[in-house]
Amino acid sequence: MVGSTFISIGLHISFIIIAYFGMPSLKIKEPIEQPIDIVDDTPISSKTSLKLGTTTVKKENEKKIEEVKEKRIRKTIPPPPPAPSKEIIDKKNNELKKQKEINEIAEIIKKKPKLKIEKKKEIPKVVSKPKTLKKQTTPKVVVKPEKVKNKQKENFAKGLLNTLAEAKIKNNDVKKKKANKEDLLKKIKKMAGNSNRQVQETSLNISQTDIDRISNHVNKFFNVSYAASEVKYIIPLKIITNLDGTVQSVTIIEKSKYMKDKFYRAVADAARRAVLDSSPLPLPKGKEKLFRNIEFNFDTSFVMSY
Amino acid sequence: MNKKLLAMLGTVALLSACETASQKVVSGTAATSSSSGSTSGSASSSVDKKQSLFAQAKQTAADKLIAVGDRVLFDYDSAELDSSAKILLDAQSRFLRVNSDLNFIIEGHCDERGTREYNLALGEQRATAVRDYLVIQGIDPDRIKVISYGKEKPAVVGSNNMAWSKNRRAVTVIE
Amino acid sequence: MNKSLYLLCLKFLVLSFGLMTFNVFADDVKININSGQIEPLPVAIADFTDKDGNSNQIGRQISEVISNNLVGSGQFKAIESAAFIAPPTSPSVRPNFTDWSPLGIKALVTGSVKNINNDEIEIEFRLWDVVAETDLIGLRLTVVSNAWRRVAHIISDEIFERLSGDSGYFDTRIVYVSESGPQNNRLKRLAIMDQDGENHQYLTDGSFLVLTPRFSPTSQEITYLAYFKNEPRVYIFNLETGQQELLGSFPGMTFAPRFSPKGDKIIMSLAQKGVTDIYTMNLNNQKVDRLTNSSSIDTSPSYSPDGKKIIFNSDRGGSQQIYIMDSNGKGVKRISFGNGRYATPVWAPKGELIAFTKMYKNKFYIGVMSPDGSGERLLAEGYLVEGPTWAPNGRVLMYFKQDKPVDDGKSTNVNLYKIDITGFRETRIITPSDGSDPAWSPLLPN
């Protein structure tokens, strides 16, 4: 009885810890209906450690950039989005190649049942997990996690193989490398250690390509003066988009820095202009909902200081 | 001292015979002063005459100084007197000794290939080098002042080695 | 007991699961913007209006001064007034942003000039962000009517600072030496003007040689070298009273004067007996301190903005180089090590850079470097360029340039130039005749 009390307490404490670190601000959950004119009314939500974590001192440049990268959504390698006909043809070719590879590798796996695919029992990184869960709740997901170990293993392997094959094909196209079966197996072993919830249907992930497209679009409109090199922080701006990519609202998040630091203020204004000028944003088709809430992190490191 | 004065008057008398230009200046002055008032006429004209004589004497001395050698030249960024400079300054020191009633100023100059403030300092070094040498030759230091003009007053206008070498100079002038 | 424990674990798992789901809906997509443009920002300065909302002559003049200032800095692009499709509005009225945004204008300035009393005017302005459709700053100033130019400069500084973060440099003056005549008999006069060349005035008549004027950081005074009565000495000129005063009484030529950062001392060189050393003189108690004691030339001293260090020019090592020392003369160290000779070191107003003149292989350069001698960058070059002076915001340098004479014997042109700290936008300053030895004033006190 005493033991169970302790377990209970332990579980409650760990739940509280998870809640504290995992719980985001309620305000973010609801889309804020704001006309574009009013840009400064949203009060800052300064309670989330996630937010605070994104603005770091510029002096440790590399460290800061890496931290931001970690908060970026980790990528699985996705298939390309629906595109003009030329690409569809290529895609079809790739698919065929893919299937061939998968069949080859599946056979290898059948022959070697001793693949050490570890199931991680701990909860993986917060950042990557939501994605996979999201997939499971949307209707388009094809495969659900199986209860039976072997079937799960096989499907898991297939999912990995899909993505792995994709990568391989890309390599082939670019570098004309020949596939080494042993290399594949090694890759599988490596990737197996990462997550045990990879699902092969990945079309609803936010891909690096999606992000890069938006980023490259916005930075064309981001215009600063040389004084921007004096800004020691990344400037986060919160954006809410409509499904057509138009910017519904822009909010400068760090109000106190905006008030106190005139360099920050000038560059934040330039960032806000950049976001508004770049509307509509090139959101990937079919995934617009995923980009409802965007946080742009404007980094002025590219400005040489004189 | 008296001998010198007589000698000076003698040379002035000789010069006045052919120096029409200076005579004009002198007469001009005499004319204006005589027209200004009859009572002071004769007195002022004699003062003027002394002044003009003195001016003429000075002019003569200056010419002589030029003839003896009133300037030495320097290498770039240097205030050192070379051997030819010293020879000239030996002659100059004799002139200074002879004209012991006159005082002198040594002007130090630079060429344009330098910055303004540093050149002022360098000019002062050049002038001082000449002064120190003359003092060693026995000239009373109180008779010699030093001034630097840096690169402000070139003797030869031009942007070539000839002009520049002529501008790197220390010139002795009568005060 | 086992069942309750089992239920507990289940509850825990379900709740954690739920939390993660919660997270899913709440997470922002994070996108980094790591690059951008550094281009002049398109702005429009509408003519300032009178109390009836119509533009008047003085309104147009004010907006023209502001526009010239901003464009001259190189950081802004102005749309010509004729291209305005909307009439100017008073600053208290929210403009119709859709009139301006199609032209690509990102910021708009509207303002008004109203006569109040006999001799006073009230000038008001507002800076708008055309893209975000909001106002950024606004200000109202009351001045005597003939001070409208200064107000235009003050407004320019406000706009510049709000849009870039840097303070401006438009409400400043330049003191310099105005030159004319043949090269071997130059007429040199002290002159002063607004940084845009307006309000030009001569301070001396040219009957005596004047060189290297510098502004006091704290008072309306300048210090300079004058050959007054054939004795080259440092003087102080009071711009308000027009009085010139000899600084101390020294046995030799004093020159190369500068004020200390607090304006309480003059630091300068004294040349005597072939040696030039650095001295300071306290303006309050006339106390003189000797800072260097070498057998060489030590000149062109310049204080750091905090007053703790001094950089200067010395040939103690055999050639003209830049040295640094503590303000008490101790700890002398050489800091220039590049090819060639270095001169005229000047500390930047924010302390992070020093500017200098460099001579190498028959060419002259204006450059900057860190106070430890690293990061040397050459910005301008010429047959003869010399004497950099810093704008108070540390982003622009002014200096003078002499062209190589085409025909020997012909007098050459000597003019003032300014250049960005980036090395771009070298611009000639138009003066009534030739000019040299410029010195930039601090921002004028209100």
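Worth saying up front: this structure is predicted, and the values here are computed from it rather than measured. Values below: all heavy atoms of this structure, side chains included; hydrogens, waters and symmetry mates excluded. By convention in this document, chain letters (A, B, ...) are assigned in the order of the sequence lines, proteins followed by strands, and residues within each chain are numbered from 1.
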**Asked** Does the side chain of B:E117 pick up a donor-acceptor pair with the side chain of B:T115 at under 3.5 Å?
**Response** no
Identify which of [options] forms the greatest number of heavy-atom pairs closer than 4.5 Å to chain B.
options	value
C:T357, C:T344, C:T212	C:T212
C:E231, C:K404, C:Q272	C:Q272
C:D437, C:L225, C:L384	C:D437
C:N184, C:I297, C:T299	C:I297

**OH on C:Y342 to OH on C:Y365, rounded to 0.5 Å** = 10.5 Å
**Asked** Are any non-hydrogen side-chain atoms of B:L89 and B:K86 less than 4.5 angstrom apart?
**Response**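 No, side chains not in contact.
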**Item:** Note, B:Y118 side chain near C:S300 side chain (heavy atom, < 4.5 Å)
**Value:**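 B:Y118 does not reach C:S300 side chain to side chain.
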What option among [options] has the most heavy-atom pairs under 4.5 Å with chain C?
options	answer
B:V156, B:T128, B:D132	B:T128
B:A79, B:G114, B:A127	B:G114
B:K145, B:K153, B:E112, B:R126	B:E112
B:A163, B:G150, B:S148	B:S148

Quick check on [X] against chain B: is it the side chain, the backbone, both or neither that has a heavy atom closer than 4.5 Å?
X	answer
C:F400	side chain
C:Y227	side chain
C:D298	neither
C:K358	neither
C:Q402	side chain

**Asked** What part of B:L120 lies closer than 4.5 angstrom to a heavy atom of chain C: side chain, backbone, both or neither?
**Response**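 B:L120 touches chain C through backbone and side-chain heavy atoms alike.
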**Partner of C:S336 under side chain to side chain contact (heavy atoms under 4.5 Å, CB included), chosen from C:N313, C:I311, C:I322** =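 When side chain to side chain contact (heavy atoms under 4.5 Å, CB included) is applied between C:S336 and each of C:N313, C:I311, C:I322, only C:I322 qualifies.
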**Item:** Option from C:V175, C:L203, C:I192 for which side chain to side chain contact (heavy atoms under 4.5 Å, CB included) with C:F237 holds
**Value:**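 Of the listed residues C:V175, C:L203, C:I192, the side chain to side chain contact (heavy atoms under 4.5 Å, CB included) partner of C:F237 is C:L203.
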**Aromatic plane relationship, B:F104 with B:F95 - under 30° parallel, 30 to 60° tilted, over 60° perpendicular** =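 Ring orientation, 0 to 90° scale: perpendicular.
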**Prompt:** So C:Y224 and C:Y235, would you call those rings parallel, tilted or perpendicular, with 30° and 60° as cut-offs?
**Reply:**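 C:Y224 vs C:Y235 ring planes: parallel.
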**Item:** Residue pair B:E152, B:R116: steps toward the salt bridge (charged side-chain N to carboxylate O under 4.0 Å, His left out) verdict
**Value:** CA-CA 8 Å; B:E152 305 306 310; B:R116 200 179 306 288; 2.8 Å; yes
